[in-house]
Asker: 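First the structure, which I've put down as structure tokens, then a few questions once you've had a look.
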Amino acid sequence: MSGSAAPHEHEHEHECGHGHGRECGHGRVPVPPLPAPCHVPGPDGPWEQVQEDVERGGRAVVHTTWGQWLAPALLDPDLRALLGRDWPRYRQHPAPAGRLILAVSRMVLKHTAAAVLQVPAARLDLATLPGGRPVLRGLGTDLQVSLAHTDELIVVGVSRTGPLGVDAEPAGRRVSFEALREHVCTAEEAGRLEALPEQERTQAFLRLWTLKEAYVKALGHGMRRRFSAFGFTWDAAGTARLAGDSTGQWAFATHLVDGRYLVSQAHHRSQTHPPGEAHLPGEAHPPGQAQLPGSEARLPGRAHPPNAVPPQSGAPRTPSLAETPHRVPSGQPPHGGRVLDFPGRRGSGPR
């Protein structure tokens with residue numbers, strides 16, 4: 001959209017699964033749409049859609065609520081093994097609600113990754129890089145993960161075809177565009193938002209904010225990258241494109257989940273791992289490939305991609321979850337997501 005042209009609303013129902021790819025302009029290859037977040041109400045799944053999303057496009061996004069996973073987490077006799085290196089932090093956390101958030105978020109992330117890899121969740125070793133990015137130790141770039149949570153919602157992204165970032169915000173969150181525009185928007189983005197009616201501007205601003213959060217998470221930069229230092233453009237269909245990404249290596253999407261939450265995802269198509277070729281610590285490792293110190297041999301016949309470099313051991317660890325107490329939410333189940341394109345009003349679903 002240019003200048004003060006009237007905004008068009010681009011919003012439609014999108015359950016878990018896929019639509020058709022889009023042509024991304026001159027010099028770009030067709031890019032399949034990012035999958036809508038799939039609702040998984042507990043450790044027992046269902047996981048079939050998640051596995052299908054990864055099989056088709058190399059990535060998947062899961063959403064659920066704290067309440068739905070709380071009882072399975074507290075009643076899991078293997079919780080200590082599942083939390084692994086996070087167990088001391090879980091036990092020493094000063095706030096009971098913070099302990100629950102830590103346990104449930106790790107549980108959702110590990111079970112999502114385990115469903116994709118088809119291995120026991122407790123076998124996965126989760127760590128956090130200095131920028132706050134969660135990583136599965138020993139997998140290198142075979143399976144990359146991202147985590148977000150807000151209010152009752154938990155969102156996990158997994159990718160086998162390049163870095164993925166996810167972010168979420170309540171769609172009804174009150175924000176001041178005037179107070180935040182210089183911190184979040186480029187001059188072009190601010191001008192485009194200024195031309196919108198106030199209510200629509202708030203929704204578009206929140207959508208832009210979550211897209212930028214998802215992008216810096218995919219980069220692993222955390223809060224070190226200024227949001228106003230990079231911007232988005234919008235194609236004729238209202239889909240977000242990273243300004244300057246002439247080859248279309250980045251793909252973005254925002255979905256409305258449960259009629260109450262904006263969930264954005266950013267994906268960089270930097271590599272491709274065929275299904276079934278991720279590797280876990282404990283499997284045979286071919287000669288000449290890097291291996292994590294202390295990890296066992298890998299199963300014979302399963303090659304490790306030459307560009308997969310496992311994270312170094314001993315790296316400083318930055319907690320990725322807030323240390324402040326959080327309200328323990330209810331177990332109200334979310335529903336399917338809607339695709340949201342910029343600009344556009346939030347759907348009429350429940351708030």
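Note that the coordinates shown come from a computational prediction; the quantities given were computed from them, not determined experimentally.
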Asker: Any ion pair linking R160 and D142 (charged N to carboxylate O, less than 4.0 Å)?
Answerer: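 So D142 does not pair with R160 through a salt bridge.
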Asker: Checking side chain to side chain contact (heavy atoms under 4.5 Å, CB included) for the pair V145/V156: CA distance, chi angles, key distance, verdict?
Answerer: CA-CA 7 Å; V145 296; V156 168; 5.5 Å; no
Asker: Closer than 3.5 angstrom, by distance alone: can the side chain of D167 be matched with the main-chain N or O of S264 as a donor-acceptor pair?
Answerer: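 No; zero donor-acceptor contacts below 3.5 Å.
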Asker: Might you point out which heavy atoms bring A218 and P163 nearest each other, and give the distance in Å?
Answerer: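 Of all heavy-atom pairs spanning A218 and P163, the closest is O-CB, 3.3 Å.
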Asker: Take V54 and R59 through the test side chain to side chain contact (heavy atoms under 4.5 Å, CB included) and record every step on the way to the result.
Answerer: CA-CA 4 Å; V54 174; R59 54 195 179 256; 5.8 Å; no
Asker: For the residue pair V263 and T210, establish whether any side-chain heavy-atom pair is separated by less than 4.5 Å.
Answerer: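 Of all side-chain heavy-atom pairs linking T210 with V263, none is under 4.5 Å.
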Asker: Report yes or no: does Q265 contribute a side-chain atom to a donor-acceptor pair with the main-chain N or O of A214 at less than 3.5 Å?
Answerer: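 A pair under 3.5 Å: no.
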Asker: Determine whether a donor-acceptor pair (N or O, by modelled atom type, separation under 3.5 Å) exists between the side chain of T150 and the backbone of L153.
Answerer: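 Answer holds: no.
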Asker: Under 4.0 Å between a side-chain nitrogen and a carboxylate oxygen: does that hold for D125 and R85?
Answerer: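 Between R85 and D125 there is a salt bridge, with a charged N closer than 4.0 Å to a carboxylate O.
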Asker: Between the main-chain N or O of V40 and the side-chain N or O of T64, is there a donor-acceptor pair closer than 3.5 Å?
Answerer: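 Checked: pair present.
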Asker: Closer than 3.5 angstrom, by distance alone: can the side chain of H93 be matched with the main-chain N or O of A95 as a donor-acceptor pair?
Answerer: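 Yes.
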Asker: How about L147 and R106: do any of their side-chain heavy atoms sit closer than 4.5 Å?
Answerer: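 With C-beta onward as the side chain, the pair touches.
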Asker: Can you see which heavy atom on P120 is nearest to which on A114, and at what distance?
Answerer: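 Result for this residue pair: C-CB, 4.1 Å.
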Asker: Which pair of non-hydrogen atoms, one from T186 and one from G231, has the smallest distance, and what is that distance?
Answerer: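 Smallest heavy-atom distance, with atoms named: CG2-CA, 3.7 Å.
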Asker: Whether the side chain of D76 engages the backbone of D78 through a donor-acceptor N/O pair (distance < 3.5 Å, no angle test) should be reported.
Answerer: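 Present.
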Asker: I'd like to know if R181 pairs up with E194 as an ion pair, taking the criterion as any Lys NZ or Arg NE/NH1/NH2 lying under 4.0 Å from an Asp or Glu carboxylate oxygen.
Answerer: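 E194 and R181: salt-bridged.
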Asker: Do W234 and T239 meet the criterion of a side-chain donor-acceptor pair at a distance under 3.5 Å?
Answerer: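 Side-chain D/A pair, W234 to T239: absent.
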Asker: Going by atom types alone, do Q68 and T65 pair a side-chain donor with an acceptor below 3.5 Å?
Answerer: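 There is such a pair between these side chains.
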Asker: Give, for atom CZ of F252 and atom NZ of K212, the distance between the pair rounded to the nearest 0.5 Å.
Answerer: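 It comes to 10.5 Å.
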Asker: With a 4.5 Å limit on heavy-atom distance, are the side chains of F177 and C185 in contact?
Answerer: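 The answer is yes; the side chains approach within 4.5 Å.
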Asker: Any non-hydrogen side-chain atom of L126 less than 4.5 Å from a side-chain atom of R137?
Answerer: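 The answer is no, as the side chains (C-beta and beyond) never meet within the 4.5 Å cut-off.
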Asker: To the nearest 0.5 angstrom, please state how far the CD1 atom of I154 sits from the CH2 atom of W66.
Answerer: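 Nearest 0.5 Å value for the CD1-CH2 distance: 4.0 Å.
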Asker: When you compare the side chain of L102 with that of R99, does any pair of heavy atoms fall below 4.5 Å?
Answerer: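 No, side chains not in contact.
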Asker: Decide yes or no on side chain to side chain contact (heavy atoms under 4.5 Å, CB included) for E189 and F232, but give the supporting numbers first.
Answerer: CA-CA 7 Å; E189 290 167 340; F232 287 92; 3.8 Å; yes
Asker: Would V175 and F205 count as a side chain to side chain contact (heavy atoms under 4.5 Å, CB included) if you check the C-alpha gap in whole Å, the side-chain angles of each, and the deciding distance to 0.1 Å?
Answerer: CA-CA 9 Å; V175 294; F205 179 66; 3.7 Å; yes
Asker: With a 4.5 Å cut-off on side-chain heavy atoms, are R56 and E52 touching?
Answerer: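 Side chain of E52 against side chain of R56, heavy atoms only: contact under 4.5 Å found.
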Asker: Return the orientation label for the W47 and H111 ring planes: parallel under 30°, perpendicular over 60°, tilted otherwise.
Answerer: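 Taking H111 first and then W47, their aromatic rings lie parallel (interplane angle under 30°).
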Asker: Rounded to the nearest 0.5 Å, what separates atom CG in L164 from atom CZ in R133?
Answerer: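 Spacing of CG (L164) from CZ (R133) equals 9.5 Å.
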Asker: Could you check whether R173 makes a cation-pi contact with W209, meaning its NZ or CZ is under 6.0 Å from the centre of the six-membered ring and within 45° of the ring axis?
Answerer: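 The answer is yes, since R173 meets both limits relative to W209.
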Asker: Quick test of your reading of the model: are E188 and R192 salt-bridged, counting only N-O distances below 4.0 Å?
Answerer: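 Salt bridge present between E188 and R192.
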Asker: Starting at CD of E200, measure out to CG of L193 and round the result to the nearest 0.5 Å.
Answerer: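 The distance works out to 10.0 Å.
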Asker: Which residue, R269, Q144, H267, forms the side-chain hydrogen bond (donor to acceptor under 3.5 Å, both in side chains) with T161?
Answerer: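 The side-chain hydrogen bond (donor to acceptor under 3.5 Å, both in side chains) with T161 is passed solely by H267 among R269, Q144, H267.
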Asker: Please answer whether the main-chain N or O of L196 pairs with a side-chain N or O of R201 as donor and acceptor at a distance below 3.5 Å.
Answerer: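 Pair found, side chain donor or acceptor close to backbone of L196.
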Asker: When you measure from the side chain of K217 to the backbone N and O of A266, does any donor-acceptor pair fall under 3.5 Å?
Answerer: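 Judged by distance alone, no pair lies under 3.5 Å.
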Asker: Taking atom CD of Q203 and atom CG of L256, what is their separation to the nearest 0.5 Å?
Answerer: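 With rounding to 0.5 Å, CD (Q203) is 8.5 Å from CG (L256).
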Asker: Measure across S146 and G165 and return the closest heavy-atom pair with its distance rounded to 0.1 Å.
Answerer: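 Shortest heavy-atom contact: OG-CA, 3.5 Å.
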Asker: Is a side-chain N or O of D235 found less than 3.5 angstrom from the main chain of A237, in a donor-acceptor match?
Answerer: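 It does hold such a pair.
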Asker: Where do C38 and Q49 come nearest, in terms of heavy atoms and distance?
Answerer: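 Heavy atoms only, the tightest pair is SG-CG, 3.3 Å.
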Asker: Mind checking the OG1-CD spacing from T254 to E169? Nearest 0.5 Å is all I need.
Answerer: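 Spacing of OG1 (T254) from CD (E169) equals 12.0 Å.
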Asker: So, are E182 and R226 salt-bridged, with charged N and O less than 4.0 Å apart?
Answerer: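 No.
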Asker: Going by the angle between their ring planes, with limits at 30° and 60°, are F230 and F227 parallel, tilted or perpendicular?
Answerer: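 Perpendicular: the ring planes of F230 and F227 meet at over 60°.
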Asker: Of all the heavy-atom pairs spanning V155 and A168, show the shortest one and how long it is.
Answerer: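 The pair with the smallest heavy-atom distance is CG2-CB, 4.1 Å.
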